[in-house]
Each structure stands twice: as structure tokens, then as C-alpha cells.
Protein chains: 2
Amino acid sequence: MSIRNPKQKLYEQFAIVAKALGHPQRLELIEHLAQGPRSVEALAMKLGLPIANVSQHLQTLRRAGLVSAERDGKFVNYRLVDDSGLVAFASVRTVAEHHLAEVDRIVRGYFEARDDMEPVTRQELADRMRDGLVTVIDVRPPDEFALGHVPGAINVPLGDLPARLSEFGKDREVVAYCRGPWCVMSFEAVAALRSHGYAARRLADGMPEWRAAGMPVEVAA
Amino acid sequence: MSIRNPKQKLYEQFAIVAKALGHPQRLELIEHLAQGPRSVEALAMKLGLPIANVSQHLQTLRRAGLVSAERDGKFVNYRLVDDSGLVAFASVRTVAEHHLAEVDRIVRGYFEARDDMEPVTRQELADRMRDGLVTVIDVRPPDEFALGHVPGAINVPLGDLPARLSEFGKDREVVAYCRGPWCVMSFEAVAALRSHGYAARRLADGMPEWRAAGMPVEVAA
DNA sequence: ACATCATTCAATATAATCATTGAATGACAG
DNA sequence: CTGTCATTCAATGATTATATTGAATGATGT
């Protein structure tokens, strides 16, 4: 039996955090919780997973200090304890973006040409919105939109997009955003818009990053 | 059989990176590689692990895009591909520091009073060194010291410390640093120095962070 | 060609993680 | 008190990660 010295014990603690981030569905849970607090059931619905399974993943995240739980009547609401989990997620994502060829391959699947996938930066979007040059659409579900969105953005859940194409002019660029830098709904929205002849691009990241950058956020009344 | 959509595929890629960070000994490997490139054997020696085991861990890190390998004669030298892996490690560490009680407990084990463990910041150390107020010791092994150290620091490997206590004056504060923010050698050095009546503190982080901050680095001739 | 050395590979046993199921808990409403 | 509902727990098999061993590979020097 190996004696574990303090160094190893410390590293084991760090590894607990990294391990908690090391499962695709826990990452998805973090992304959803970044939109706002949610009950176990709500999260299970969003991910399309059994409740017991989600409950266990949430407890793994809690043991890693990433989320906290608070009981509210029959429900238990989970939330991110602070931004540090998102920062860790973002830095992991950065490694994958820069060094895993597979990520490139997946993203490229959405677009014909490489320059088509160049996203709009936060600042660029803010400037162009001020000048009235763009239509901004938030492709998340209405409940997430209600918890906070880019001022002036229209809520067009991805499923509704085909039926609502006529709302947009082909002369104005449409910028789509959703939950985060790699939330695929905005990729799909842009791909759909383009296939119908609209000029469309993605915002480089999503709502939590917009909020974290100190940009104005509009909340439903 | 589940069909994996692009969203899930993306998250699986991110999870590969996080999973690679999710093992204590792989984190230790990263910390060592942050000092400079190393062969498999050299790393195995430093960690005290079988070579085949280290080789496999390194390949996990390579598949995650964190390290790269280059053959040099009989040896294969591994190195961090860039700083992004260290950034990810640092952000994972931040979560653990802030939210895992166990980390606090381990660190506290080295010190009697809480304020005794307050570390010296990089800038504070630079200022006080300029004024000639402190003795700086680098407690890493000589080979790591040779690859780059704080200018003016004395190399006192942890094992040699007891025999070399007389080199320091009890009127000058001694600042110890090693491989990174949680490299326990500096904790142990400070604890040892204090138990012999010296005024000692730790640098808040280690060599890689000092270098990354653009501070001057001295390399052995 | 041969021996040597660093590394990787392949095979194995062990351990940890994961998804699923059904039962237990804790809160609320009647 | 009873029934209902959200969540957690406990137990299970299935999958995956890990450590260990010994053999295979690839480069070097004689």
C-alpha cells in the first residue's frame, strides 16, 4: 500500500476537479447552468437524460466545488458557485480548439469555406448594433432567453427558425448566438440562414461570456 | 446504439482534454514539463514510476494536445506544446483552491498560523530583491535550476537545506520557490527554515509562472 | 551483424466510472 | 396521516481506465 504524501494528496484534489470536467454530459450541464440556476428535472429534460443519471453527475460536479445545490420546496436548484468553473471549462476548450484536429473537422462540417466560419466578436457586434446594421437573433429556448439576453436581440428558437425566415431582410446581416462559444445551435442557425440566401454569422461566444464581459443584459419583465 | 450528433462529438473532444488532466500523476508530469523538455526516462526518475507507465501517461497527454514528442537519437523528448495546457492546469487549480476544503486542510498542515502561509507576490519579490532585502532560494534539483532561475537566486535543493542553513542570516528574510504555486518543496523549505528560527516565506508561484510573466530569467552558462 | 539502450506495444489483472433500475427520503397538499 | 412528486440512494452489470509485465521496435555504437 502506497503512502500518499502531501504533494500527491494535493494533486489528487486538483485531479478531482479535472475529472469532474472530464465527461461530455457534465460539460453540457455546466453550460446549461451558466445560463442560470436549474432544478435536476429541468436539466434532465434539457439534456434528454434520466433524472437519476443527471443527479449523479451533479453530485460529481458538487464534490469538485463547481456547483452548489439549494433546496426549494420539492425542488433542488443547482447553480454554478462562481465563474471559476466556466474559466476552467473555457481553458480546456482552448486547448481542444488549438490542438485537436477533430474539433476543426467537426466545426468545418457546418460550413463550405473556411472564411465563412469567422465569427463576430463581442465588440464588433456592439458597434454594429449601435449603428443599426445587424439583426441579432438568440436561438436558445424561450426560458433561457427570459433569464437574460443581448438587448435588442430577437428570440428565435432554433426549431422555429424555418418558419420565421421572412422576418429577416436579405440586405441586413443576421448574427446568431446561443449558450456559449461552441453551442452548436448557433452553427446550425447560421448554416440554415445561409442556405436560404441570408448573410449570417455567429457571435464568437454566448450569453454567459457576454454577461461576464460586463455588456448590458436585458431581462424579461 | 446512440447516434452522436455534432454537439456531443464536440463535448467529447473537450472531455478528452479534461480527462487527460484528471489524473494526479499526469498533472505532475505537466508540472515537470513546464520546467523544460524531458525524456521519458528522466520523467520516470523524477516521479519514481515505471517507465512504461510514464510512457502511457505521456501518450494520453499527447492525444489531448497538451504535449508533443520529438525523437532525439535513442531518446524521445516530450515538451508542452504551448502555455495553454498550463493555463488549463492553473484554472483547475483555482477551482480546487477556492472550493475544496481538503486543499486548505493540506496546506494548513505545513503551518501553525494562517497568516504564516501568506506568500510573497512576484512583484513584491522583485522590489525587495532590488533593494537587497531578501535571500532567494530555488529549492529545485540542480538540473531544473540550470534550465532557468530567478536572477540572484541560490540553488539549495530541498535535501541539502538542513546542511546549508548557516549560509543564511537570521536578520534577512528568505524567500523560497520551486516548480509552481503548489510545489510542496517550497512549503517544506519554509517550514524547515522557520523551525530553525529563520524568517521565511514562499513565492506565490514558481519558475514557469515567473517566466510567463516576462520576468528576467538567468540560465546556467 | 550484433549488442545495447530508450521507448513503445500488447496482454493481463485490477480498479474506477458509468448507466440503469427500483427503493428510500423529504417536502408539500389535501 | 396519506398520497404525490422531486430528488437521492443503493445495487447491478457494462464499460473504461489503470498498473504491471514482458516482448517488440528503433536508434546507436562496435
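Protein chains get the first letters and strands the later ones, always in sequence-line order, with residue 1 at the start of each.
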The single option from Glu31(B), Glu209(B), Glu144(B) that satisfies salt bridge (charged side-chain N to carboxylate O under 4.0 Å, His left out) with Arg179(B) is Glu144(B)
Distance test, side-chain N/O of Gln25(A) to OP1/OP2 of dC18(C), below 4.0 Å | no
May I ask you to say what Thr60(A) touches in the nucleic acid, namely base, sugar-phosphate or nothing, with a heavy-atom cut-off under 4.0 Å?
-> nothing
Most 5' of Gln56(A) and Arg71(A) on DNA chain D, judged by nearest nucleotide = Arg71(A)
Between Gln59(B) and Ser55(B), do the side chains contain an N or O donor and an N or O acceptor separated by less than 3.5 Å?
-> yes
How long is the line joining CZ of Arg63(B) and C1' of dT16(D), in whole Å?
-> 13 Å
Looking at the side chain of Ile51(B), which of dT7(D), dT7(C), dT20(D) is the nearest nucleotide?
-> dT7(C)
Calculate the interatomic distance between Glu41(A) atom CD and dC28(C) atom P; express it in whole Å.
-> 16 Å
Can Ser84(A) and Thr94(B) be counted as having a side-chain donor-acceptor contact under 3.5 angstrom?
-> no
Please check if the side chain of Arg122(B) supplies one atom and the backbone of Asp205(B) the other of a donor-acceptor pair under 3.5 Å.
-> no
Tyr78(A) side chain N/O closer than 4.0 Å to the phosphate oxygens (OP1, OP2) of dT8(D)?
-> yes
Side-chain N,O (Ser55(B)) to OP1/OP2 (dC9(C)) below 4.0 Å | no
Nucleotide dC18(C), atom P - distance to CD of Glu28(A) in whole Å = 15 Å
Integer-rounded Å distance: dA6(D) C1' and Arg38(A) CZ | 16 Å
With sugar-phosphate meaning primed atoms plus P, OP1 and OP2, does Gln59(B) contact a base, only sugar-phosphate, or nothing at under 4.0 Å between heavy atoms?
-> sugar-phosphate
Rounding to a whole Å, what distance do you find between Leu21(A):CG and dT17(C):P?
-> 15 Å
Of the listed nucleotides dA19(C), dT4(D), dA19(D), the one nearest the side chain of His57(B) | dA19(D)
Would you kindly give the CZ-to-P distance between Phe75(A) and dT8(D), to the nearest whole Å?
-> 12 Å
How close do Ala20(B) and Ala64(B) get, heavy atom to heavy atom, and via which atoms?
-> CB-CB, 3.5 Å
Separation of atom CG in Leu29(B) from atom C1' in dT18(D), rounded to whole Å = 14 Å
Among dT20(C), dT7(D), dA19(D), find the nucleotide with the atom closest to the side chain of Asn53(B).
-> dA19(D)
Distance test, side-chain N/O of His23(A) to OP1/OP2 of dA16(C), below 4.0 Å = no
5' priority, DNA chain C, between Gly73(A) and Leu49(A) [closest heavy atom] = Leu49(A)
dT4(C) OP1/OP2 closer than 4.0 Å to side-chain N/O of Lys74(B) | no
Length of the CG-P vector between Asp72(A) and dA6(D), whole Å = 13 Å
